[in-house]
Peer 1: 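Just passing along the structure, written as structure tokens.
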Amino acid sequence: ETSSLYTVECNGQAQTVYHTDSFDYVIPVVRDDSPLQVTVQVHKPFEEAVVRPAKAGILPKREGERLSLSLPRPQKLTLELDGDLKTPLYILCTHWVPKPEKVDHLFESGKIYNVGVLHVKAGETVYLEEGCMVFGCIDAFIADGIRILGNGVLNGCVWHPKEENGGKPMIRMVLCN
């Protein structure tokens with residue numbers, strides 16, 4: 001589900017902002033450590049905007065409901081409005097991960113998948129292209145040399161009921177190296 005509260009651009013490029021029950025998040029994928037200009041349009045009135053961690057020293061510039069953040073390098077930050085911890089925006093900058101030549105489980109950009117439990121065997125590679133959303137669990141048993149990589153989102157929230165969250169990992173590898 002996408003956010004109805006935030007719209008984000010990174011260096012002028014529109015980003016997908018995802019919504020969960022607890023927060024909204026955006027994952028700008030970058031190719032290097034160059035400075036970034038992040039623009040956040042907030043779709044509700046607010047008084048104060050704070051970027052955390054405070055030690056990052058990022059002070060948003062405001063024009064109406066639009067915030068501009070100048071990041072000296074890609075980083076992971078949180079934007080909080082009016083001290084409301086129920087509506088934060090997580091800005092999770094990450095470096096691009098290229099697709100390897102051999103991929104056994106490919107999840108393509110722009111698609112949503114519900115895999116339930118994906119059983120991975122020894123030596124297999126799982127690659128999540130930027131812009132895909134994979135719901136489920138990845139499971140391996142006595143399987144060496146597994147790789148899970150890419151810039152897509154692996155989301156474990158729907159493969160079990162909310163009240164059963166404890167003890168069921170999103171990625172489960174038993175006796176694997």
Side-chain angles (χ1 to χ4, degrees), residues 1-31 34-53 56 58 60-71 74-99 105-118 126-138 148-165 168-171:
E1 179 178 350
T2 57
S3 174
S4 60
L5 181 56
Y6 300 104
T7 303
V8 176
E9 288 184 359
C10 184
N11 290 345
Q13 204 170 31
Q15 303 289 307
T16 301
V17 183
Y18 299 98
H19 173 75
T20 73
D21 291 342
S22 305
F23 57 88
D24 291 350
Y25 66 98
V26 60
I27 307 172
V29 177
V30 299
R31 304 260 176 173
S34 298
L36 299 171
Q37 187 64 37
V38 177
T39 306
V40 179
Q41 180 68 48
V42 182
H43 302 288
K44 75 169 191 175
F46 64 96
E47 296 295 320
E48 179 186 33
V50 176
V51 175
R52 304 214 187 274
I58 308 293
K61 293 179 185 167
R62 182 174 181 176
E63 289 182 35
E65 309 302 303
R66 189 178 195 81
L67 300 168
S68 295
L69 312 174
S70 295
L71 282 57
Q75 20 189 336
K76 294 178 178 18
L77 304 167
T78 305
L79 175 66
E80 296 173 5
L81 303 176
D82 298 327
D84 184 358
L85 299 180
K86 295 179 182 172
T87 60
L89 171 65
Y90 287 87
I91 302 168
L92 307 171
C93 298
T94 186
H95 287 89
W96 181 70
V97 177
K99 181 168 71 174
H105 304 276
L106 174 64
F107 297 98
E108 296 176 331
S109 179
K111 295 184 179 180
I112 297 172
Y113 300 85
N114 189 346
V115 298
V117 178
L118 175 65
V126 178
Y127 185 76
L128 290 77
E129 289 183 347
E130 178 183 355
C132 79
M133 177 75 70
V134 179
F135 292 96
C137 166
I138 295 178
I148 303 167
L149 62 157
N151 293 108
V153 175
L154 177 60
N155 187 331
C157 73
V158 298
W159 73 277
H160 57 77
K162 265 187 193 178
E163 62 276 2
E164 295 180 11
N165 195 21
K168 293 187 177 183
M170 184 171 55
I171 299 176

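Residue numbers run from 1 in the order of the sequence given. Computed from a predicted structure; not experimentally measured.
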Peer 1: Below 4.5 Å, heavy atoms only, C-beta onward: do Leu89 and Val8 meet side chain to side chain?
Peer 2: yes
Peer 1: For the pair Tyr25 and Val153, evaluate side-chain contact (heavy atoms from CB on, under 4.5 Å) and give the outcome as yes or no after the intermediate values.
Peer 2: CA-CA 11 Å; Tyr25 66 98; Val153 175; 3.7 Å; yes
Peer 1: Does Leu77 reach the side chain of Pro53, with side-chain heavy atoms less than 4.5 Å apart?
Peer 2: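 When only atoms from C-beta onward are counted, Pro53 and Leu77 do touch, with a gap below 4.5 Å.
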Peer 1: Using atom types as modelled and distance alone, determine if a side-chain donor or acceptor of Lys111 lies under 3.5 Å from a backbone N or O of Met133.
Peer 2: no
Peer 1: Atom CD1 of residue position Ile112 - does it have more than 12 heavy atoms of other residues, nucleotides or ligands inside 6.0 Å?
Peer 2: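 Open.
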Peer 1: Hey, does Ile58 have a side-chain heavy atom less than 4.5 Å from the side chain of Gln75?
Peer 2: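 Answer yes - side chains close enough.
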Peer 1: Check for a donor-acceptor pair, side chain of Tyr113 on one end and backbone N or O of Glu108 on the other, with a separation under 3.5 Å.
Peer 2: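 Yes, because the side chain of Tyr113 sits within donor-acceptor range (under 3.5 Å) of the backbone of Glu108.
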Peer 1: Is the side chain of Asn151 donor-acceptor paired with the backbone N or O of Gly131 at a distance under 3.5 Å, no angle test?
Peer 2: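 Side chain of Asn151 to backbone of Gly131: no pair is present.
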Peer 1: For Lys61, look at atom NZ and say whether over 12 heavy atoms of other residues, nucleotides or ligands are found less than 6.0 Å away.
Peer 2: no
Peer 1: Does anything in residues 82-98 pair up under salt bridge (charged side-chain N to carboxylate O under 4.0 Å, His left out), and if so which pairs, sequence neighbours excluded?
Peer 2: none
Peer 1: Can you name the salt bridge (Lys or Arg N to Asp or Glu O under 4.0 Å) partners of Arg62, sequence neighbours left out?
Peer 2: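 Testing Arg62 for salt bridge (Lys or Arg N to Asp or Glu O under 4.0 Å), a comparison that skips the adjacent residues, returns Glu65.
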Peer 1: Can you check whether Glu130's main-chain N or O pairs, donor with acceptor, with Ser109's side chain at less than 3.5 Å?
Peer 2: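 Side chain of Ser109 to backbone of Glu130, a donor-acceptor pair under 3.5 Å: yes, one is there.
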Peer 1: Would you check if Phe107 and Leu118 make a side-chain contact, meaning some heavy-atom pair closer than 4.5 Å?
Peer 2: yes
Peer 1: Do you know which two heavy atoms are closest between Pro88 and Ser22, and how far apart they sit?
Peer 2: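 In terms of heavy atoms, the two residues are closest at CD-O, 3.9 Å.
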